[in-house]
Amino acid sequence: MDIVHNWLANTPDFAVPYALAALGLIVCERAGVLSLGAEGLMLVGALAGIGAQLAFGEPAVSLLLAMLAAAVVSLLFAVMVIWLRVNQVIAGLALVFFCQGLTALVGTLAQWTNQATPGIGTMALWPFSSLPVVGRLFQQNAMVWLTLPVFAAVTWCLLRTDAGLRLRAVGENPQAADAAGISVSAWRFAAVLAGSALVGLAGAYISVVSTKLWIAGMTGGRGWIAVGLVIFARWSPWKALAGALLFGCIEALIPQLAAAGVQLPQYFVLMTPYAVTLGVMVWVALARRGGEGEPGALGVPYVREERR
Amino acid sequence: MAWHRQALILAAAIGVGLLISAAILVAAGVPAGELTNEFIVQTLLDGQNFRAVLFQAAPMILVGLAGAMAFRARFWNLGLEGQMIWGAIGATAISFFEIGPPSLRLPLMFLAALAAGALWVLGPALLKLRLGVNEIISTLMLNYMAANFLLHLVYGSWKDPKDNFPYSPQFRAFERLPDLFSGVNSAIGLAAVVALLGWWLVGVSRAGLYLRFVDANPRMAQAAGVPVARVIYGAVLLSGAMAGLAGFAVAAGQEGRLTQAFYQGYGFSGILIAFLARNNPLAASVVALMVAALFVTGRSLQVFYQVPFSMVQLIQAVIVVCVASSDFFIRHRLRRVGTGAA
């Protein structure tokens, strides 16, 4: 019983980074830019967040600076894929490796590695928090509660506003969008920057809020899992949120099993998030929903001069 | 565009990449005057360091070839590290369980590494061709799983009972790749042979012609009667086998045992080498030598100037970004547009 209790209570903490990263990726990919750089941008966010925490000790400032840092680094990617029309897979991979090298280097040189930071406090959502059994589920840190309105707001903007419609038009059919007077490059730039800021926030959540310290490569493939999650969710934000909760559940279960003294081979347990990602990808493929939901111009550079 | 202008742009891109890298190194605390000394004089002209470069180059060439082979088939094999891990595990299993007589042990380890590497990429290949599962994600996920399995072995049943460090027991003398001549391991010879075979396969053989056809235009190849699926399977499995061989080269040529983090940095290097060499096997060998020199320099910078080794990865990424971006100037001609026309 205690296990289930703790497991439920810890799930949101593990689900938030997946939710935010997937949301950022959806913003970017709905505009037609295939963003494989999430793993790298999460690292940038995580490092910037810890750096700001150590310098100012103010979590809100740290999280905002982390978003800013990820957006600035993503400019490099945006210039490559939007202006220079570099293959988006190559550019995305290059961005990941660039960020991995950069963050490991800066983290070591600035001596931010393994420095403990205070983190942020929990907020109980009264009266739900005093309920029996599920009460602890409603005692979460402020960022968990903040994630829900952020998620809802971004989703609303994307799916229900004029700006969101323009962004999606650019990703669905850039030729038509261009003919309608929408600047494809400008909207794609905006989408990459905004999406990357959210991905950076996801990384900063891991370092500033969850683990409260920086270790090189600490995201451990979560960015790639988020990329898989977006495919699983067919580019729909709410489905991505459900997927994030699923992965949060799985990750939250691992320490609970260990604490309960369940004897499982440790390294096989650590494989589960990756195995589940693989399983989910196969399941989506088997469900034969092929191209459904995929933005029409995903991964295709737009060259105005080649407009037909 | 004429080839010499292309070469000029490419050289300029690499030059810009190196300049940025030099700036980063200086910012990280390496004296500017020492840079050329470290990279060129110390690494390439000093006999002992040059042997270290050759030593490092053997697995590097093999992962570069592995990358080039898969990318030719338009398959993003990002699982080079996972296949390398399995290659090393396969080879080590032969040694650990003492399979076969001593005289056949090394060939058996070689074959086990080939098979294990190829098998680890078979899953993503089947999933991609049968179900259309994105191979970028599937191969990457398998990397993380292979890395955890490696830890399971070296921290578990394969741990060396002699000193309880997380690595497998030392290979016996007949299980290690011998030295060709003083200080130069035969792993580099093996890599050179594989590179030549790769060049023959891609450039000369019928299968290679098919592969280039698929690379250029899969639909057209299908229409012309090329067995596209078989060509892709063949190239991808070969890619996995080569990556497995890289694991064998590290385990049997360098470390003499299975260690916990030997594969780190090879995955990206393999992709970078294939990309810079435009998937050409012989060019890949040359680029791999450069990358090996970068690795050796990176280690000495780590020792002498306390520059973290992640610097090597950053420099590689900077060069890829520059070269990838330079493609724009090869494919497009920029012209000033008069004020009225803009």
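In what follows, chains are A, B, ... by sequence order, proteins preceding strands, each numbered from 1.
The two residues M141(B) and G221(A) have their closest heavy-atom pair at CE-O, 4.5 Å. Considering all non-hydrogen atoms of both residues, I137(B) and G228(A) come closest at CD1-N, 3.9 Å. Residues A94(A) and A317(B) come closest through the heavy atom pair O-CB, 4.1 Å. Across all non-hydrogen atoms, the minimal contact from F328(B) to W83(A) is CE1-O, 3.5 Å. Nearest approach of I231(A) to N134(B), heavy atoms of both residues: CD1-ND2, 4.0 Å.
Classified by interplanar angle (parallel below 30°, tilted 30° to 60°, perpendicular above 60°), the ring pair F97(A)/F268(B) is parallel. Taking the six-membered ring for Trp and thresholds of 30 and 60 degrees, Y274(A) and Y144(B) have nearly parallel ring planes, at less than 30 degrees apart.
Annotation: side chain of F268(A) is not in contact with side chain of N148(B) (no heavy-atom distance under 4.5 Å). Within the 4.5 Å cutoff, the side chain of D327(B) has no heavy atoms near those of the V86(A) side chain. You'll find the side chain of P265(A) reaches within 4.5 Å of the side chain of H152(B), heavy atoms only.
In this structure, L140(B) CG and L36(A) CG are separated by 9.0 Å, a value rounded to the nearest 0.5 Å. In this structure, CD on Q313(B) lies 10.5 Å from CG on L105(A), to the nearest 0.5 angstrom.
Between chain B and the residues L93(A), V79(A), L95(A), L76(A), the most heavy-atom pairs under 4.5 angstrom are made by L93(A).
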